[in-house]
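Note that this is a predicted model, so its numbers are computed, not measured. Here is how names work: the chains are called A, B, and so on, in the same order as the sequence lines, proteins then strands, and each is numbered from 1.
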Number of protein chains: 2
Amino acid sequence: METKDLHALRAAIQRFILLTDEEWEMLVPDLQYCYLSRGEHWITEGQKERYMGFVLEGDMRHFYTRDGEEKTTYFYFENHLVGSYFSAINNTPSRLTIEALTDVRLLTFSYAHLKSLYDQCPKWERFGRMVAEYLAAGLEERMAGLLTMSPEERYIELLQGNKHKILERIPQHYIANYLGITPVSLSRIRKRLSDK
Amino acid sequence: METKDLHALRAAIQRFILLTDEEWEMLVPDLQYCYLSRGEHWITEGQKERYMGFVLEGDMRHFYTRDGEEKTTYFYFENHLVGSYFSAINNTPSRLTIEALTDVRLLTFSYAHLKSLYDQCPKWERFGRMVAEYLAAGLEERMAGLLTMSPEERYIELLQGNKHKILERIPQHYIANYLGITPVSLSRIRKRLSDK
DNA sequence: TGAATACGTTAACAAAAGATAATAAATGCT
DNA sequence: AGCATTTATTATCTTTTGTTAACGTATTCA
């Protein structure tokens, strides 16, 4: 396992909480590399996937399937944690699929192991709390945007905000899903805006 | 402080985690009653409110203000925790207002005290993690609904789901906001559905 | 490199939602 | 009880979105 990769993961964790070397070492034995090719599914709807991942390299998306249609609702980039978090928590089959948009390199660890860290060590429990709070805060903000802004306003916000990575790297029809509209409608919004 | 009220709060907390009497007693000294009249604001946008509440009696809503319009995005009922959680976490001014829809009786405790419980006691930290996870899971589910379903489908789901309390007790124009549409549009959806 | 696939735009039409205003019914309050 | 306010519906008109399909371009992959 390359030290650069380990450092990247540790740095990501330490954006939430500082770990002693001993605390960090509690996680390391459970880490594994996972390599995905573009288009490959890491987590598949209906299955009980029990791993969390950390994106070392590449981009991913997750989507729900409704009436045979894929609805992409989130993207993952380098240095982000990825997983079907809620199905892991509740130990239920995943309702979403997580797919590699490019070739992807992950570090993975089992959710079961993370839970045992919660039991063994208050610092890891705190990490869990802070991750969940961070996640909830992000979801609340995004949901408020969906409820209080029009699709066009949401697209403008995406243009101006700190989520530029999404626009640069992701096909537009996935972005349309992310905004809650169809690809055709997003194309029209872009036309409207550029005509001004 | 009435023991019935204390029991209600303890039971709500213990839906997440069992507490010993000693652990429970760590919270009690910080508890205070708060009484609100119908229409009164408990937490006001722009202010740094630092209290969490537990609804003993009554209903509340929270809303964002955009262009002078109130957009109601959530409701609180008896036996639920309430607070501008994210502004408390980040120690920033609240972006939303929380209002009493009826006369309300709350038990409150400061977020600062809760944080000190996190420091003092791993069990409380775990409680914090589990609340945040519960919150995040609920937000994820609601957001998925907003992104993958039409307003009409969302209304039907609300009719059929386990959120009946919302429909029974809450004025329809607030429910429209909650669904992400205007009151006029919700009225039309109801007409469409009843015409079948 | 060549063929298949994926992607973005545009058009035409239907369906739905937003905005505004008028009305009627229900509710709250003194 | 009576008056003001709140709430829900309905109508009209405008705007936006969804749907389907066609088209051209870009990309992928064998």
Side-chain angles (χ1 to χ4, degrees), chain A residues 36-41 58-59 61 63 66-72 75 99-104 145-159 166-196, chain B residues 36-41 58-59 61 63 66-72 75 99-104 145-159 166-196:
Chain A
L36 300 166
S37 304
R38 175 193 163 81
E40 208 172 329
H41 291 183
D59 307 326
R61 69 175 177 123
F63 60 87
R66 261 185 72 87
D67 313 321
E69 292 269 298
E70 295 179 1
K71 304 275 192 171
T72 299
F75 307 104
E99 178 187 290
L101 287 168
T102 62
D103 289 356
V104 163
L146 288 168
L147 290 173
T148 65
M149 289 159 57
S150 70
E152 182 169 320
E153 289 171 319
R154 294 201 290 276
Y155 177 66
I156 291 170
E157 192 183 69
L158 196 58
L159 279 177
I166 293 182
L167 292 163
E168 288 160 13
R169 303 201 211 171
I170 303 292
Q172 191 171 303
H173 61 287
Y174 294 146
I175 294 173
N177 284 184
Y178 179 84
L179 293 170
I181 55 179
T182 61
V184 178
S185 189
L186 177 54
S187 187
R188 281 185 298 226
I189 287 171
R190 285 161 54 81
K191 180 100 163 67
R192 273 202 312 263
L193 293 175
S194 72
D195 280 355
K196 294 185 193 168
Chain B
L36 299 165
S37 304
R38 174 193 165 81
E40 208 173 331
H41 292 181
D59 308 327
R61 68 176 177 122
F63 60 88
R66 260 185 74 87
D67 313 320
E69 291 269 299
E70 295 179 1
K71 304 275 192 171
T72 298
F75 307 104
E99 177 187 291
L101 287 168
T102 61
D103 289 355
V104 163
L146 287 169
L147 289 173
T148 66
M149 289 160 54
S150 68
E152 180 168 322
E153 289 171 319
R154 295 202 290 277
Y155 177 67
I156 291 170
E157 192 185 68
L158 196 59
L159 279 176
I166 293 182
L167 291 163
E168 287 161 11
R169 303 201 209 171
I170 303 291
Q172 193 170 301
H173 61 287
Y174 293 146
I175 294 173
N177 284 184
Y178 179 84
L179 293 170
I181 55 179
T182 61
V184 178
S185 189
L186 178 54
S187 186
R188 282 186 297 227
I189 287 172
R190 285 161 55 81
K191 180 98 163 68
R192 267 193 326 253
L193 293 175
S194 73
D195 280 357
K196 294 186 192 167

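One can place CZ of A:Arg154 at 14 Å from P of D:dT16, the figure rounded to the nearest angstrom. A straight line from OH of A:Tyr155 to P of D:dT17 spans 13 Å, rounded to a whole angstrom. The distance from atom CE of A:Met149 to atom P of D:dT17 is 13 Å, rounded to the nearest whole Å. Atom CD of A:Glu152 is separated from atom C1' of D:dG18 by 17 Å (rounded to the nearest Å). One can place CG of B:Leu147 at 12 Å from P of D:dG18, the figure rounded to the nearest angstrom. Atom-to-atom, CD of A:Glu40 to P of D:dC29 comes out at 13 Å; the value is rounded to the nearest Å.
Residue B:His173 places at least one side-chain N or O under 4.0 Å from the OP1 or OP2 atom of D:dA8. Between D:dT17 and A:Arg192, a contact under 4.0 Å exists linking OP1 or OP2 to a side-chain N or O. The side chain of B:Gln172 places no N or O atom within less than 4.0 Å of a non-bridging phosphate oxygen (OP1 or OP2) of D:dT6.
No donor-acceptor pair closer than 3.5 Å links the side chain of B:Ser37 to the backbone N or O of B:Glu40.
Looking at heavy atoms from C-beta onward, A:Leu193 lies in side-chain contact with A:Tyr155 at the 4.5 angstrom threshold. With a 4.5 Å cut-off on side-chain heavy atoms, B:Asn177 and A:Leu147 do not count as touching. You'll find the side chain of A:Ile189 reaches within 4.5 Å of the side chain of A:Ile181, heavy atoms only.
Counting only N and O atoms by type, the side chains of B:Tyr178 and B:Arg61 include no donor and acceptor under 3.5 Å apart.
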Can A:Ser185 and A:Arg188 be said to form a side chain to side chain contact (heavy atoms under 4.5 Å, CB included), step by step? CA-CA 5 Å; A:Ser185 189; A:Arg188 281 185 298 226; 3.9 Å; yes
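Closest approach of B:Thr148 to A:Arg66, counting heavy atoms only: O-NE, 3.3 Å.
Of all nucleotides in DNA chain C, those with any atom nearer than 4.0 Å to a heavy atom of chain A start and finish, going 5' to 3', at C:dC7 to C:dA12.
Separating the OG1 atom in B:Thr72 from the CG atom in B:Leu101 is a distance of 8.0 Å, to the nearest 0.5 Å.
Between B:Phe63 and B:His41, the two ring planes are perpendicular [angle over 60°; tilted spans 30° to 60°].
Residues from residues 178-190 of chain A that place a heavy atom under 4.0 Å from any atom of DNA chain C, listed by number: A:Val184, A:Ser187, A:Arg188, A:Arg190.
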